[in-house]
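Structure first, then comments.
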Number of protein chains: 2
Amino acid sequence: MRPTVHDIAAAAGVSLATVDRVLNQRPGVRHVTREKVEKAIREIGYIRDVAAANLAKGRTYPFVFILPASDNSFMHGLNDEVRAAVARSPVERTDIRTIEVPAFDPAALVRVLEELGRERPSGIALVATDAPEVRDAVDRLVQDGIPVVTLVSDLTGSQRHHYAGVDNIAAGRTAARLLGRFLGGARGEIAVLAGSMLVRDHRERLEGFASVMAAEFPSLSILPVIEGRDDPEMAHMLVADALSKKSGIIGIYSLGAGNRGLIRALKEKAVDRSLTVIAHELTTHTRAALLDGTIDAILNQNAGHEVRSAIRVLKAKADGLAVIEAQERIRLDIFLKDNLP
Amino acid sequence: MRPTVHDIAAAAGVSLATVDRVLNQRPGVRHVTREKVEKAIREIGYIRDVAAANLAKGRTYPFVFILPASDNSFMHGLNDEVRAAVARSPVERTDIRTIEVPAFDPAALVRVLEELGRERPSGIALVATDAPEVRDAVDRLVQDGIPVVTLVSDLTGSQRHHYAGVDNIAAGRTAARLLGRFLGGARGEIAVLAGSMLVRDHRERLEGFASVMAAEFPSLSILPVIEGRDDPEMAHMLVADALSKKSGIIGIYSLGAGNRGLIRALKEKAVDRSLTVIAHELTTHTRAALLDGTIDAILNQNAGHEVRSAIRVLKAKADGLAVIEAQERIRLDIFLKDNLP
DNA sequence: CCAAATTTGATGTACGTAAATCAAAATCTG
DNA sequence: CAGATTTTGATTTACGTACATCAAATTTGG
């Protein structure tokens with residue numbers, strides 16, 4: 001049987017109450033006694049039974065998720081995953097609330113964060129808009145002792161405790177290599193469709209993409225970035241326009257959302273041309289496009305994993321426990337038409 | 001507060017004892033009463049507090065993992081992951097034992113399975129060698145009510161409760177598409193290195209690979225499969241030999257283990273040739289080869305996820321609970337040099 | 001050395017469920 | 001309808017930890 005608090009008490013030659021004081025860092029224990037108990041804990045290899053502890057505490061974790069109000073499949077999916085987590089709340093002892101804020105609007109995000117500073121939940125997860133004022137607001141929360149994790153998009157130079165999202169520079173690099181290799185040694189232009197250079201994940205993807213392109217595929221040149229604000233309508237218009245004007249385009253990297261519009265433009269404009277297309281985020285639309293050959297590869301981040309990871313990290317931080325970074329690493333999925341889930 | 005057994009009792013107008021009898025399917029409850037209680041459970045939305053239940057039961061799950069005694073990095077990694085799971089045993093209330101059996105030896109595997117049939121652990125996970133006698137042994141265990149999951153390699157037509165591994169046909173198809181597209185429209189021969197056609201995962205990878213190759217990349221022809229028995233020495237010898245004799249080889253698909261030998265052969269024999277190589281399993285060796293350009297892509301199954309998934313499934317089966325198939329799906333990782341973890 | 005302050009011990013209750021026991025009530029059998 | 005059988009109720013203990021209370025012992029300061 002695994003050792004219990006009673007075993008520690010016996011081993012250290014103190015009472016249960018003292019063991020409890022040491023374990024839960026309550027005051028009123030002399031230094032020497034505390035060390036004696038800690039030694040016993042180490043020696044008999046005691047591990048707290050978390051289930052029993054939670055049961056006794058009856059603790060619940062009030063968490064808040066701040067999500068952008070974007071009308072694209074990825075954000076809808078993220079929303080669904082948060083709702084799924086809410087559904088698991090009774091089992092996980094979490095109490096999750098979501099707040100929607102306008103997308104790409106640092107001021108609105110800051111207002112919500114300041115409001116939460118007063119409310120003091122056990123943890124906050126946010127899809128960050130990368131702006132100095134947001135960073136400052138997050139840093140204030142962290143200074144106040146509230147656990148904060150960024151979700152999907154990180155916050156430059158902030159003190160946030162953790163980032164639950166993919167390595168976007170690596171994602172961009174991967175996209176470049178796939179595109180470059182799929183195109184063989186062909187010569188031509190590559191169009192890049194992004195949401196906004198205001199969000200860090202898009203900037204980073206572009207950065208990674210451009211650096212590998214420049215270093216390893218010199219026969220391909222990148223056109224100025226098209227910013228579609230993750231909006232299908234806007235993306236459609238801009239891409240259709242680019243395809244009409246530039247006949248040298250042989251590849252497209254769509255690093256943001258709003259792929260519905262991109263796909264529509266491709267089907268209208270590029271039936272005669274054979275474009276190689278790499279897009280982000282697996283949705284109903286990108287999936288269908290991958291299967292029918294409109295898109296050649298999809299890079300994906302699993303929203304469910306991100307949300308679950310964020311919750312695990314927030315819990316750990318709220319309890320002052322360590323996070324196993326390797327376990328919380330979010331993988332970049334690469335989907336071809338053959339390995340779709 | 002979430003409802004408890006007391007709330008059910010009150011709602012159904014019966015005693016706690018009766019509720020307990022219904023919840024834990026103990027005998028001695030009239031049909032009408034049982035229905036009354038079940039109705040109350042549904043209506044107030046009671047969910048059993050698993051933590052409290054496990055605490056009360058003090059139950060542990062004796063599980064057995066049967067692993068092949070193969071000297072390759074992947075099996076070593078799998079072993080490590082099982083050991084890591086053993087380390088987590090006290091927390092997870094599992095009691096995991098591992099048994100090593102000679103690789104590719106159905107008879108030895110059957111002997112172990114029959115032995116376990118007498119011992120009756122709470123669950124068995126095995127890396128299956130795909131043979132009829134193994135299938136029969138597994139089916140007997142299943143008939144006996146012992147939960148069985150296959151790990152990494154599945155068992156044709158058996159009654160095993162679950163398979164914790166990747167979709168190997170999809171893996172082979174993915175490898176074919178990557179190789180085909182990386183090679184552009186080039187014409188030439190593709191060598192395939194496998195471990196043994198005795199294990200189902202290798203057969204399936206080949207099947208998927210060959211079908212996409214035939215359908216979509218007719219300019220590439222597949223050479224007869226080289227069987228290296230997942231052994232680095234043997235793989236080295238066979239690949240070196242093939243490279244010397246066949247000058248038309250422009251690509252290699254290594255679908256099994258023993259990649260150390262393959263890489264050594266490539267570095268010795270193919271310095272002057274530019275081969276496109278796709279291999280399975282991310283190990284120290286394949287990782288280095290990917291980074292230095294000897295290998296172009298690595299398909300990987302995360303052994304840690306497979307082991308943890310197997311344990312979750314065995315637990316669920318042992319408790320007679322449902323498995324969320326979507327959650328237990330093992331993803332196929334695709335690594336280029338840019339997205340290595 | 002005494003009083004005050006600090007440290008430690010002893011003990012009990014709670015969390016939600018499992019499981020057992022024994023008594024009481026209801027139902028069935030002939 | 002008596003007696004046997006089945007069903008139900010009431011109650012208790014246990015799991016391992018958290019947390020609170022009060023008393024006793026020890027240490028500290030003056």
Side-chain angles (χ1 to χ4, degrees), chain A residues 1-41 44-61 89-95 318-321, chain B residues 1-41 44-61 89-95 318-321:
Chain A
M1 249 356 245
R2 62 189 280 196
T4 74
V5 279
H6 294 87
D7 301 319
I8 308 177
V14 300
S15 74
L16 255 182
T18 302
V19 173
D20 178 69
R21 289 179 185 116
V22 172
L23 275 177
N24 296 294
Q25 12 221 11
R26 273 185 260 279
V29 184
R30 251 190 318 166
H31 192 68
V32 280
T33 318
R34 166 156 281 141
E35 299 223 307
K36 207 164 58 178
V37 174
E38 282 168 349
K39 180 157 162 284
I41 291 176
I44 68 177
Y46 167 81
I47 310 166
R48 189 198 239 100
D49 183 326
V50 199
N54 283 336
L55 179 60
K57 277 197 277 217
R59 149 160 220 184
T60 59
Y61 304 79
S89 274
V91 183
E92 296 180 343
R93 299 174 187 282
T94 54
D95 175 16
D319 289 340
L321 300 177
Chain B
M1 250 353 249
R2 60 189 283 195
T4 74
V5 278
H6 295 86
D7 300 319
I8 308 177
V14 300
S15 75
L16 256 183
T18 301
V19 173
D20 179 69
R21 288 179 185 117
V22 172
L23 275 177
N24 297 291
Q25 12 223 9
R26 273 184 260 278
V29 184
R30 251 191 317 167
H31 193 68
V32 281
T33 318
R34 164 157 284 141
E35 299 223 308
K36 205 164 59 178
V37 174
E38 281 167 351
K39 180 156 161 286
I41 291 177
I44 67 176
Y46 167 81
I47 310 166
R48 190 199 237 100
D49 183 326
V50 199
N54 283 335
L55 180 60
K57 276 197 279 217
R59 148 161 221 185
T60 58
Y61 303 79
S89 274
V91 182
E92 297 180 342
R93 299 174 187 282
T94 55
D95 175 16
D319 289 340
L321 300 177

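Sequence lines set the chain letters: A, B, ... in the order given, protein chains first and strands last, and positions in each chain run from 1. Since this is a predicted model, take the numbers as computed values, not measurements. As a basis for the values below, the full set of heavy atoms in this structure was taken, side chains included, without hydrogen atoms, waters or symmetry mates.
A search for salt bridge (Lys or Arg N to Asp or Glu O under 4.0 Å) contacts involving R2(A) returns nothing, not counting sequence neighbours. The side chain to side chain contact (heavy atoms under 4.5 Å, CB included) check on A53(B) picks up R48(B), with sequence neighbours excluded. Applying the side chain to side chain contact (heavy atoms under 4.5 Å, CB included) test to A10(B) and every residue at least two apart in sequence or in another chain returns nothing. Judged as a ring pair (Phe, Tyr, Trp, His ring centres under 6.0 Å), and not counting sequence neighbours, the contacts of Y61(A) are F63(A).
Note: NE2 (H31(A)) to P (dT28(D)) measures 14 Å, nearest angstrom. Taking atom CZ on R34(B) and atom P on dG9(D), their separation rounds to 13 Å, with Å as the unit.
In the displayed structure, K39(A) atom NZ is contacted under 6.0 Å by at most 12 heavy atoms of other residues, nucleotides or ligands.
The two residues L16(A) and H6(A) come nearest to each other via the heavy atoms CD1-NE2, 3.4 Å. Shown here for A12(A) and V37(A), the closest heavy-atom pair between the two residues is CB-CA, 4.1 Å.
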Using a cut-off of 4.0 Å between protein heavy atoms and nucleotide atoms, how would you tag nucleotides 10-21 of chain D 5' to 3' with B, S and -?
-> B----BBBSB-B
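The structure places OG1 of T18(B) at 11.0 Å from CG of L23(B), a figure rounded to the nearest 0.5 Å.
Protein chain B contacts DNA chain C over a range whose 5' and 3' limits, counting nucleotides with an atom under 4.0 angstrom from a non-hydrogen atom, are dG16(C) to dT27(C).
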